[in-house]
Amino acid sequence: KRSKHTSDLIGVMYKELMILGIVAFMLFAVTEGGLKLDYHLKHVFEQVHNMLFVVALLYAGFVVALASLSVRVSSKWRSFELLGKQGLESVTDEFERLRRSVLASSARDVQTRYNKYYELIKFHELRRAFLRRNSLSEAFSFHQYLDQCKHHVFVELVEVSDFVWIFFTAACSFDLL
């Protein structure tokens, strides 16, 4: 089952790919539709058509990478929040021990564990400050709040604004004149 976040990202991606497809179809219709175009202009249209295809592939790859990143980040936040108070205390103790070890050691595994614990402790510090500042109870689901914020940001990243499409069309039109 797909999450609403992933469905929204894919919906926005389909919309943008549809726009690219319409532009590509219009280029195809102009070049193959019986208009008498000289060889050079027909070659330019074919290059633009191919470039649109490459842009569509890169865009789809970008969206897939963002969706994958989004799922991993959400899982991490969820696991951080589910740790609980006792688990956080033991992690804090282990973190302090590792902090002293990191200064004395350059071992990669020690630094990796240190970074993992550091990230977890910072998440809980941020959560605690957010709950206190907004007068929320400990039962508040901070990871769900962060997921909603991330959802809005990622959808905005994936959606190409009308201004960009207008600019792109104007630049292509100007270049063809």
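Only this structure's heavy atoms are used, side chains among them; waters, hydrogens and symmetry mates stay out.
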Notebook entry, point to check: Is any side-chain N of the basic residue among Arg128 and Glu125 closer than 4.0 Å to the acidic one's carboxylate O?
Noted result: no
Next item on the list: Go through the steps for Ser68 and Arg72 under the test side chain to side chain donor-acceptor pair (under 3.5 Å), then give the verdict.
Entry: CA-CA 6 Å; Ser68 173; Arg72 284 197 316 257; 3.3 Å; yes
Margin query: Working note: Phe123 + Leu146, criterion side-chain contact (heavy atoms from CB on, under 4.5 Å); need CA distance, chi angles, decisive distance, verdict.
Written below: CA-CA 11 Å; Phe123 173 87; Leu146 291 176; 3.7 Å; yes
Next item on the list: To the nearest 0.5 angstrom, please state how far the NZ atom of Lys76 sits from the NZ atom of Lys116.
Entry: 10.0 Å
Notebook entry, point to check: From Leu126 CG over to Arg133 CZ, what is the distance, rounded to the nearest 0.5 angstrom?
Noted result: 9.0 Å
Note to self: Quick test of your reading of the model: are Arg127 and Glu138 salt-bridged, counting only N-O distances below 4.0 Å?
What the structure shows: yes
Checklist line | Nearest non-hydrogen partners of Arg113 and Glu94, listed with the distance | finding: NH1-OE2, 4.0 Å
Notebook entry, point to check: What are the two closest heavy atoms between Val158 and Tyr59, and how far apart are they?
Noted result: O-OH, 2.7 Å
Notebook entry, point to check: Got Leu69 and Phe154 here, is their nearest side-chain heavy-atom distance under 4.5 Å?
Noted result: yes
Notebook entry, point to check: Between the main-chain N or O of Ser70 and the side-chain N or O of Ser74, is there a donor-acceptor pair closer than 3.5 Å?
Noted result: yes
Next item on the list: Please state whether the rings of Phe142 and Phe140 are parallel, tilted or perpendicular, taking 30° and 60° as the class boundaries.
Entry: tilted
Notebook entry, point to check: About how many Å separate CG of Leu83 and CD1 of Ile121, when rounded to the nearest 0.5 Å?
Noted result: 9.5 Å
Margin query: Give me the atom names and distance for the closest heavy-atom approach of Ser137 to Leu131.
Written below: O-CD2, 3.7 Å
Checklist line | Minimum heavy-atom distance between Phe80 and Leu120, given as atom pair plus value | finding: CD2-CD1, 3.0 Å
Notebook entry, point to check: Leu157 and Val64: same hydrophobic cluster, using ILVMFWY side-chain contacts below 4.5 Å?
Noted result: no
Notebook entry, point to check: Is the OH atom of Tyr118 crowded by more than 12 outside heavy atoms at less than 6.0 Å?
Noted result: no
Note to self: More than 12 heavy atoms of other residues, nucleotides or ligands under 6.0 Å from OH of Tyr145: yes or no?
What the structure shows: no
Item checked: Residue pair Trp77 / Lys150: nearest heavy atoms and the distance that separates them -> CZ3-CE, 3.8 Å
Next item on the list: Would you sort out whether Glu81 and Ser141 count as a side-chain contact (heavy atoms from CB on, under 4.5 Å), showing the intermediate values?
Entry: CA-CA 8 Å; Glu81 192 162 30; Ser141 180; 3.8 Å; yes
